[in-house]
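Since this is a predicted model, take the numbers as computed values, not measurements. Just so you know, these numbers use all the heavy atoms, side chains as well, and skip hydrogens, waters and symmetry mates.
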Amino acid sequence: MTAPPSLLVEDLAFAYPDGHQALFGVDLRIERGERVALLGPNGAGKTTLVLHLNGILRGGRGQVTVAGLPVGRDHLQEIRRRVGIVFQDPDDQLFMPTVGEDVAFGPRNLGLPEEEVAARVAEALDQVGMAGVADRPPHHLSFGQRRRVAVATVLSMHPEILVLDEPSSNLDPAGRRELAEVLESLPVTVLMVTHDLPYALQLCPRSVVLDGGVVVADGPTRRLLADADLLARHRLELPYGFAPDRV
Amino acid sequence: MGAGHGGVLGAAYVVGSSPVHRLEPHLKLVAVLGFALVVVATPVAAPWAWGAYAAYLALVLGVAALAGVGHRRLARGLVVEVPFVAFALLLPVVSQGPRVDVAGLSLSVSGLTAAGGLLAKATLSVLAATVLAATTEPRALLRGLERLRLPSPLVQILMFMFRYADVVGGELRRMRVARESRGFRGRHLGALKVLGPAAGSLFIRSYERGERVHLAMLSRGYGGRMPAGPAVAAPAQAWLAALALPLAAAAVLASGLLLG
């Protein structure tokens, strides 16, 4: 028997209470261990889709399934363990007084025993190359370090899928490379929301383009980025001088 | 950033490893509260009251010396007392009853006593609190409050205040730099028209950040209660060491009440 896909989104539609419809029937299937970039212009519905993955937003049409478990009211806690969302601003993600307590927040919410929590904290910080900062307050770290610690705060929950919202934003080039190295080394399914097309090409063999609340393209990142018409139709632009076929 | 420990709110902490530093935070909180209660329970009108205050002062200065908290640090802690001083100075002027002449001013005797008592009690309590703040990291204080069963929402509010004071402070600074970079100088009353909306937008930004933080918490399984970390029971010895200060103060008070 093959493992169920890490993420299965079927015909997902959603309108906000004010009547604004953000998603019009999204289908997406991500297999175990895949790294997929979610591309699309501002207002395409990317954030709305992400907030459906762990059941923060619910109640529209369609179904989200995480490793075989449908997202619903009954087992939200388990869904939130399986889906690790790293938000864009690490200052939103890191709210505890110290790094260690922050990385321990998720495992403690899962009710794990203290020895297990300590082991998870050490493991997660080690995975992002930040071992030894557990006792530091987050505001003493550089922005790049905070971003990596933010990744550790969800890794400590042993997620099925890691969802990253604009992971490269505001990073300096070295911080960007360090984060890429960390993400490449993680043995976990990744869905990465980004405007940073070279980063998508570097890290994700496959990309999905969302626009107007539907998936408009899904395929190998290199092929999508070489399709100038597709990019232009959906307000996606490569940086000046960047040629995907020459990377 | 203060002593490199807690940003703007950690400035009170003085790094050290004295016996006072090493005491469990919740014990220190109980000790300071107990000391303050004994101090305020000392009747200022009693003839032995000032002797008792002097004894309390010796006690709290002794603890400060043990903790390696300098006089300068203590004096800075007393700054928070200034509003009380202003109020205490008014008391002798506005109180009723028999009066005495001091340097041409007619002052109320009972007002003078009350003002003196108020100042003495406030000073002693603030000194004890200053020693506490200087020997305990802010987050250790939070842990202490949690262990003393302060309602969890209150501890969480304090914790977020501690965590985000620097973030909000940074936003405030950036907004000021942006204003001044475009030639703004807040020196006259008209500046309020600019500063009011700026305060409003800072509030909205902070509110929105609060919503984003809540979202991040929910995403990691937050269900309304902060998950507790490990808690080790404090040994009786530690309790005894912590309670030495309030117990000694209570002994002074008791001897005053019984013998005075």
Side-chain angles (χ1 to χ4, degrees), chain A residues 47 50-51 53-57 75-115 117-118 121 135-140 143 146 150 152-157 159 163 165, chain B residues 1-11 13 25 136-146 155-171 174 205-232:
Chain A
T47 303
V50 165
L51 293 180
L53 302 185
N54 71 350
I56 296 267
L57 292 180
H75 27 242
L76 271 186
Q77 199 76 346
E78 172 60 14
I79 288 294
R80 285 173 186 172
R81 180 193 74 72
R82 293 187 185 194
V83 181
I85 302 186
V86 181
F87 291 92
Q88 186 172 354
D89 185 347
D91 278 330
D92 295 342
Q93 184 97 18
L94 307 175
F95 43 79
M96 297 292 278
T98 66
V99 167
E101 286 171 88
D102 215 300
V103 180
F105 180 82
R108 280 184 184 147
N109 278 328
L110 298 177
L112 296 176
E114 244 350 274
E115 319 83 81
V117 170
V121 170
D135 289 327
R136 305 263 296 273
H139 59 259
H140 282 186
F143 191 84
R146 269 182 281 165
T153 64
V154 299
L155 285 181
S156 62
M157 300 176 81
V163 181
D165 189 5
Chain B
M1 302 229 180
H5 271 261
V8 286
L9 293 182
Y13 181 68
T136 320
E137 283 186 73
R139 67 190 172 91
L141 273 179
L142 291 175
R143 265 206 315 276
L145 290 170
E146 206 163 33
V155 179
Q156 289 181 42
I157 289 170
L158 288 171
M159 187 192 83
F160 287 123
M161 191 177 83
F162 167 60
R163 168 66 182 89
Y164 286 101
D166 287 281
V167 175
V168 174
E171 258 166 46
R174 285 193 297 277
R205 281 192 204 188
S206 303
Y207 183 83
E208 287 174 346
R209 182 180 295 282
E211 291 195 320
R212 292 199 304 274
V213 171
H214 185 232
L215 215 56
M217 293 173 73
L218 288 179
S219 295
R220 285 197 274 149
Y222 176 74
R225 285 175 49 104
M226 242 21 186
V232 224

Considering only NZ, NE, NH1 and NH2 on the basic side and carboxylate oxygens on the acidic side, decide whether A:Arg81 and A:Glu78 come within less than 4.0 Å.
yes
If I measure from the heavy atoms of chain B, does A:Ser156 come under 4.5 Å with its side chain, its backbone, both, or neither?
neither
B:Leu145 versus B:Leu158: any side-chain heavy-atom pair under 4.5 Å?
yes
Tell me which of these, B:His214, B:Arg212, B:Gln156, B:Met159, has more heavy-atom pairs under 4.5 Å with chain A than the rest.
B:Arg212
Report which part of A:Phe105 has an atom under 4.5 Å of a heavy atom belonging to chain B: side chain, backbone, both, or neither.
both
Decide yes or no for B:Leu141 and B:Phe162: does some side-chain heavy atom of the first lie under 4.5 Å from some side-chain heavy atom of the second?
no
Flag side-chain contact, heavy atom, 4.5 Å: A:Arg80 against A:Asn109:
no
Hey, does the side chain of A:Gln77 reach the backbone of B:Gly221 with a donor-acceptor pair shorter than 3.5 angstrom?
yes
Side chain, backbone, both or neither: which part of B:Tyr222 has a heavy atom under 4.5 Å from chain A?
both
Any side-chain heavy atom of B:Leu215 sitting closer than 4.5 Å to one from A:Leu51?
yes
Roughly how far apart are B:Leu142 CG and B:Ile157 CD1, rounded to 0.5 Å?
12.0 Å
d(A:Arg108 CZ, A:Glu114 CD) to nearest 0.5 Å is 4.5 Å
Residues of residues 93-103 of chain A with a heavy atom under 4.5 Å from any heavy atom of chain B, in residue-number order, are A:Gln93, A:Leu94, A:Phe95, A:Met96, A:Pro97, A:Thr98, A:Glu101, A:Asp102
Answer with side chain, backbone, both or neither: which region of A:Asp91 has an atom nearer than 4.5 Å to a non-hydrogen atom of chain B?
both
